[in-house]
Amino acid sequence: MATSGKVIKCRAAVAWAVGKPLSVEEVEVAPPKAREVRIKMVATGICHTDEHVLKGCLPNVEFPVIPGHEGAGIVESIGEGVSSVKPGDKVIPLCVPQCGECSFCLNPESNFCQKSHICEPQNLLPDKTSRFTCKGKQIHHFLWVSTFAEYTVIPEYAVAKIDTAAPLDKVCLLGCGFSTGYGAAINTAKVKPGSTCAIFGLGGVGLSVVMGCKAAGASRIIAVDINKDKFAKAKELGATDCISPRDFNKPIQDVLIEMTGQGVDYSFEAIGLAETMIAALASCNMSTGIFVMIGVLNAGTEISIDPMLLLTGRTWKGTALGGWKMRDSIPKLVSSYLEKKFNSDLLITHTLPFAKVNEGFELLRAGKSIRSILLF
Ligand code: PAD
Ligand code: ZN
């Protein structure tokens with residue numbers, strides 16, 4: 001391509017400091033170095049984790065930064081040694097990479113590559129430099145993917161090549177929200193047919209859990225949210241009951257235990273609050289119940305629980321991106337999408353031009369959107 005090997009000037013949404021709205025700026029994007037890929041983004045979704053970034057609540061993030069981690073695009077150019085993609089390929093950036101070499105990547109039970117955020121900050125590319133500059137200043141990467149940029153540079157092992165037939169403005173959701181929620185049910189909890197489930201939080205992630213529980217054959221799927229506007233979509237996707245904690249004058253875990261006898265078989269928290277995590281843990285049955293934590297807590301939050309909740313056999317699990325080994329699984333999930341095995345399009349409530357990125361965040365904050373997709 002004509003741009004290969006050159007610095008590209010393009011638009012990106014920069015978060016200059018904590019608590020400030022994003023500012024759409026002209027940035028320079030350097031060519032990819034060895035084992036890196038430069039991607040022209042086509043679409044990106046707005047996930048609540050990006051909101052945590054803007055609020056300064058996610059650990060290991062450095063400002064100024066270009067956030068965004070749920071996107072899809074086309075390879076513009078590749079650095080030396082890249083063999084898995086070529087210019088023109090459709091790709092999804094992976095916010096959990098798969099280096100293929102660390103002990104977690106080599107373990108078939110794990111999807112959490114040690115080259116990930118929580119093990120080593122991903123604010124700079126692996127050679128500890130940035131490919132982004134704006135107004136003469138170096139801008140940090142986010143999770144190596146920084147999808148809120150027209151062009152972004154990503155290590156090869158954090159990029160998955162997908163089917164050429166995939167609509168990028170739809171499958172971008174598979175880069176985070178959909179895959180996380182769906183995989184939390186299928187891979188992390190391993191929901192069994194005929195079981196009962198409770199999902200706390202009905203955003204893009206929680207509603208994807210609902211879809212995963214339904215696909216796994218759960219017989220009762222109880223959706224919990226304080227925003228009743230989310231209930232219609234939850235029912236459409238498979239929830240059998242929808243309840244708001246605000247409608248009861250007792251703890252929601254007591255309500256769920258009454259509804260199900262001994263508590264649900266599986267509970268999920270897709271909000272990111274200590275109190276709802278404790279409630280979700282207490283909602284699953286005391287012997288074999290499995291609670292899956294998905295929501296991201298503000299950095300530094302500590303949770304104290306009554307250990308008796310675990311003594312009799314309950315399990316507390318966590319999930320990163322729904323347990324998928326991302327480089328192996330994302331192309332397969334895209335194929336399943338194309339075969340209509342699930343309909344993640346139902347999560348998309350708004351499509352906006354990239355310049356309206358702040359409007360997209362306002363819709364999320366106001367509880368009016370499930371997923372807003374930004375188009376470049
Ligand atoms: P969202 O903001 O679209 O949805 C959150 C939902 O929770 C909304 O419907 C709220 O109304 C609801 N809610 C808020 N407070 C309460 C409450 N007290 N009781 C009941 N419901 C409440 O967010 P999202 O779906 O994009 O993300 C959800 C969380 O998942 C968030 O913390 C995000 O950071 C995390 C996440 N984790 C991973 C992972 O890999 N673990 C991946 C992606 C997102
Ligand atoms: Zn996300």
Side-chain angles (χ1 to χ4, degrees), residues 44-55 57-59 61 67-71 92-96 111-112 116-118 142-143 145 147-148 172-184 187-188 198-211 222-234 242-248 251-253 255-256 267-280 283 292-299 301 317-324 326 347-350 360-372:
T44 180
I46 297 179
C47 169
H48 204 113
T49 307
D50 298 309
E51 170 74 347
H52 290 314
V53 173
L54 300 186
K55 290 201 307 210
C57 299
L58 205 70
V61 174
H69 62 281
E70 188 181 84
I92 289 185
L94 308 177
C95 44
V96 172
N111 79 320
F112 199 76
S116 285
H117 194 64
I118 292 172
F142 172 55
L143 301 181
V145 292
T147 60
F148 290 172
C172 55
L173 287 192
L174 276 50
C176 181
F178 174 77
S179 304
T180 298
Y182 198 73
N187 302 324
T188 313
I199 297 100
F200 287 65
L202 304 173
V205 177
L207 289 171
S208 302
V209 178
V210 171
M211 291 168 86
I222 306 171
V224 182
D225 202 301
I226 49 174
N227 179 354
K228 291 184 177 180
D229 293 345
K230 306 286 177 106
F231 290 176
K233 185 72 82 177
C242 293
I243 55 175
S244 166
R246 291 187 176 158
D247 286 347
F248 302 91
I252 195 69
Q253 51 269 44
V255 175
L256 284 158
S267 60
F268 302 84
E269 203 269 6
I271 304 166
L273 296 172
E275 70 219 45
T276 39
M277 290 193 184
I278 297 167
S283 302
V292 180
M293 159 189 191
I294 311 171
V296 176
L297 292 152
N298 287 351
T301 305
K317 299 187 86 174
T319 194
L321 269 297
W324 305 102
M326 295 284 274
L347 302 171
I348 302 172
T349 51
H350 298 77
F361 277 92
E362 286 306 328
L363 288 164
L364 179 79
R365 288 172 197 136
K368 290 188 177 146
S369 59
I370 304 292
R371 275 299 196 256
S372 294

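Note that ligands are numbered from 1 as they come in the structure, with each ligand's atoms numbered from 1 the same way. Counting begins at 1 with the first residue of the sequence. Just the heavy atoms: all of them, side chains too, but no hydrogens, waters or symmetry mates, feed the values below.
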Should one rank I271, D50, L297 by closest heavy-atom distance to atom 15 (N) of ligand 1, which comes out on top? I271

Metal check, the Zn ion (ligand 2) vs C95 N/O/S, cut-off below 2.8 Å: no

Options T276, I226, T180, I252, ranked by nearest heavy atom to atom 16 (C) of ligand 1, top entry: I226

Vertex the Zn ion (ligand 2), rays to SG in C47 and NE2 in H69 - rounded to 10°: 110°

Below 2.8 Å, can you find an N, O or S atom of C176 next to the Zn ion (ligand 2)? yes

Using modelled atom types only, decide if a donor and an acceptor are shared between the side chain of S283 and the backbone of A279 within a distance under 3.5 Å. yes

Tell me whether C176 reaches ligand 1 (any heavy atom closer than 4.0 angstrom to a ligand atom). yes

For atom 36 (C) of ligand 1, what's the nearest protein heavy-atom neighbour? Residue, atom name and distance, please. T49 OG1, 3.6 Å

Between W324 and Y182, what is the ring plane arrangement, given parallel below 30°, perpendicular above 60°, and tilted in between? parallel

G367 near ligand 1, heavy-atom distance under 4.0 Å? no

In the protein, what heavy atom is nearest to atom 3 (O) of ligand 1, and what distance, to one decimal place, separates them? G203 CA, 3.3 Å

Nearest-option assignment for atom 10 (C) of ligand 1, heavy atoms, candidates D225, V296, D229: D225

